[in-house]
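All of these numbers come straight from a predicted model, not from anything done at the bench. Counting starts at 1 for both ligands and their atoms, following the listed order.
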Amino acid sequence: MIPSLCQSCSHVREIVSGKGSQFFLCRRSTTDRRYPKYPAQPIVRCAGFEPSKEGEQGESV
Ligand code: SF4
């Protein structure tokens, strides 16, 4: 996958579908309409970016 800010952002939730497709869900979208729920990737600049701590994200569905 192309590197994206979302990958290291504390506001992202990684979604992996049953078919193995990966999506980034921006949790800022729930409180701020400027952010799309599923931002078009890759994100190279984002005013809402905040670095995450290692190991806090990742979820399979
Ligand atoms: S705030 Fe920006 S960098 Fe962070 S998950 Fe949302 S779109 Fe991606």
Protein contact to [atom] [nearest heavy atom, distance to 0.1 Å]:
atom	result
atom 8 (Fe) of ligand 1	C6 SG, 2.3 Å
atom 2 (Fe) of ligand 1	C46 SG, 2.3 Å
atom 6 (Fe) of ligand 1	C26 SG, 2.3 Å
atom 4 (Fe) of ligand 1	C9 SG, 2.4 Å

Go through ligand 1 atom by atom and flag the ones less than 4.0 Å from a non-hydrogen atom of R28.
->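 That gives atoms 1 (S) of ligand 1.
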
Atom indices of ligand 1 within 4.0 angstrom of G48 heavy atoms, with elements =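 Listed by number with element: 1 (S).
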
Start with the C-alpha gap between Y38 and L25, add the side-chain angles, then the distance that decides, and say whether side-chain contact (heavy atoms from CB on, under 4.5 Å) holds.
-> CA-CA 5 Å; Y38 296 104; L25 188 159; 3.8 Å; yes

Roughly how far, to the nearest 0.5 Å, is the CZ atom of F24 from the NE2 atom of H11?
->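 It comes to 15.0 Å.
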
Could you please spell out the steps behind the side-chain contact (heavy atoms from CB on, under 4.5 Å) verdict for E14 and F23?
-> CA-CA 6 Å; E14 282 187 55; F23 303 93; over 6 Å; no

Quick one: does any side-chain atom of [X] pair with a main-chain N or O of [Y] as donor and acceptor, under 3.5 Å?
X	Y	value
E50	G48	no
Y35	C26	no
R27	S10	yes

Is the distance from atom 8 (Fe) of ligand 1 to some N, O or S atom of H11 under 2.8 Å?
->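 Of the N, O and S atoms in H11, none lies under 2.8 Å from atom 8 (Fe) of ligand 1, which means no.
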
